[in-house]
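So the structure is just underneath, and the comments pick up after that.
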Amino acid sequence: MTGERISDRVPDFARRLLAWFDEHGRHDLPWQHPRTAYRVWVAEVMLQQTRVATVIPYFEAFMAAFPDVTSLADADQAAVLERWAGLGYYARARNLHAAARVIRDQYGGRFPREPEQLAALPGIGPSTANAIAAQAFDRPAAILDGNVKRVLARLYAVEGWPNATATARQLWQLAEAHTPDYRAADYTQAIMDLGATLCTRARPACDDCPFAGDCHARAEGRTAELPHGRPRTGREQRRRRETTMLLIRDGAGRVLLTRRPPTGIWGGLWSLPEAEPGAEEEAARALGLTVRPEPPWEPLEHAFSHFDLTINPVPARLQESAGLNSPAGGVMDGEEGIWYNVATMERPGVPAPVATLLARIETDNEVET
DNA sequence: TGTCCACGTCT
DNA sequence: AAGACGTGGAC
């Protein structure tokens with residue numbers, strides 16, 4: 001190694017960061033007590049796209065339902081998705097479940113410790129693999145999540161979009177150069193905490209930052225500009241489109257749901273049936289329902305987390321005539337497992353309840369033009 | 001109320 | 001490589 005080391009530009013970075021962390025960092029996160037590999041893994045995957053405050057209640061419920069990797073592996077995917085509903089990016093839950101089965105079947109239920117082994121599991125990339133290795137096994141592995149990218153990009157005024165190949169390579173080098181060979185778990189948490197609580201995207205609290213005097217972005221008055229945003233290419237080639245979700249209730253007020261296909265948006269989740277805009281009347285006619293004549297349609301605060309009905313598939317011919325994009329279904333009586341055909345809303349020996357198409361929920365979709 | 005866009009992994 | 005995935009923070 002010749003000349004100045006990158007990490008020497010901010011003398012004693014790790015020790016100063018850890019000193020800040022000991023006083024101001026987050027030490028009461030649920031996955032820190034106890035800090036097992038399983039809990040760290042689930043938390044890291046939940047945190048991949050979601051903020052701490054949102055994750056905590058989901059994490060607690062998930063741990064109650066699946067206390068260890070074996071119970072997760074033994075569960076049905078549907079039960080896992082149920083605990084994930086509302087968190088978004090549902091491929092994370094499918095990957096989590098698949099990885100649990102790999103750990104059960106190929107590793108005897110024990111977590112691999114090598115970052116390369118972790119990164120080979122579904123849903124675990126380089127950053128999450130190193131985060132688990134550091135947090136769970138105290139390995140001096142560098143992480144580079146969004147928080148760390150922001151801290152390093154500002155500290156060294158790194159130009160370029162952080163996800164661009166060249167910029168990412170530069171940031172990885174910085175991340176590795178700063179990672180100490182001691183207190184790896186604490187250091188990993190510390191640099192994420194710095195980014196999450198002080199070095200925020202908007203209005204960073206530089207006055208409280210131990211590295212304000214070292215920060216190039218700060219010195220140049222460019223904290224609002226760095227890190228650079230994604231290049232805006234081709235935006236004008238996209239437009240917004242509305243799709244329509246049908247809210248259908250039977251005579252007892254129950255909502256009809258459909259299971260979405262296993263991949264794609266909201267994959268594997270129960271959802272309202274979807275129709276092309278304006279297809280409400282046609283769908284209702286095909287389903288033998290009564291359309292409520294006048295708007296306003298009823299809004300849904302959250303369409304996918306609070307329904308407890310299940311449904312069964314109906315023939316593709318009916319889907320088509322009803323103008324439904326995804327498989328429609330019949331109402332399942334949860335306790336007895338008896339289902340109604342949505343087309344007729346009747347079952348043998350029981351009078352048919354009246355069903356009404358009550359509302360239309362419009363969602364935004366960006367599509368290629 | 002609406003619009004923009006972050007975040008890590010997969011494809 | 002560059003876009004999909006989805007929710008929610010920021011404005």
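Lettering follows sequence order; numbering is per chain, from 1.
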Sub-3.5 Å pairs of nitrogen or oxygen atoms, protein against nucleotides 9-11 of chain C:
none

Length of the line joining A:M192:CE and B:dG8:P, which is rounded to integer Å: 10 Å

Nucleotide C:dC5, atom P - distance to CZ of A:R94 in whole Å: 11 Å

With A:I143, the side-chain contact (heavy atoms from CB on, under 4.5 Å) member among A:T188, A:I132, A:T128, A:T179: A:T188

Main-chain N/O of A:A141 paired to A:N130 side chain as donor or acceptor, under 3.5 Å: no

Integer-rounded Å distance: C:dT7 P and A:M46 CE: 15 Å

Nearest-nucleotide comparison on DNA chain C, the residue closer to the 5′ end among A:G88 and A:N163: A:N163

Rounded interatomic separation in angstrom, taking CG from A:N95 and P from B:dT9: 11 Å

5' precedence on DNA chain C between A:A91 and A:A164 (nearest-nucleotide basis): A:A164

Residues within residues 143-151 of chain A bordering DNA chain B, heavy-atom distance below 4.0 Å: A:D145, A:G146, A:K149, A:R150

Whether A:H27 and A:F21 hold their rings parallel, tilted or perpendicular, with breakpoints at 30° and 60°: tilted

Separation of B:dA6 C1' from A:L47 CG (nearest whole Å): 14 Å

Candidate list A:R15, A:R16, A:R183, test salt bridge (charged side-chain N to carboxylate O under 4.0 Å, His left out), partner A:D22, passing option: A:R183

Separation of B:dG8 P from A:L96 CG (nearest whole Å): 17 Å

For atom CH2 of A:W161 and atom P of B:dG8, their distance in whole Å: 11 Å

Nucleotide of B:dA6, B:dG8, B:dC10 approaching A:Y89 most closely (side-chain heavy atoms): B:dG8

Nucleotide nearest A:R230 when distance is taken to its side chain, options B:dT9, B:dC7, B:dA6: B:dA6

Sugar-phosphate only, base, or nothing, as touched by A:I124 at under 4.0 Å among non-hydrogen atoms: sugar-phosphate

Sugar-phosphate only, base, or nothing, as touched by A:T50 at under 4.0 Å among non-hydrogen atoms: nothing

Interatomic distance where CD1 belongs to A:I132 and P belongs to B:dT9 [whole Å]: 9 Å

Aromatic ring pairing A:H216/A:Y156, orientation class (parallel under 30°, perpendicular over 60°, tilted between): tilted

Shared hydrophobic cluster, A:L155 / A:L194 (ILVMFWY, side-chain heavy atoms < 4.5 Å): yes

DNA chain B: 5'-proximal contact among A:P122 and A:G229 (nearest heavy atom): A:G229

Exercise: do A:D74 and A:S71 side chains pair donor with acceptor under 3.5 Å: no

Derivation of the salt bridge (charged side-chain N to carboxylate O under 4.0 Å, His left out) call for A:R218 and A:D207: CA-CA 10 Å; A:R218 171 87 165 148; A:D207 290 346; 3.4 Å; yes

A:R150 and A:N147 side chains, donor-acceptor separation under 3.5 Å: yes

Side chain to side chain contact (heavy atoms under 4.5 Å, CB included) assessment of A:L96 paired with A:R92: CA-CA 6 Å; A:L96 202 68; A:R92 293 184 296 172; over 6 Å; no

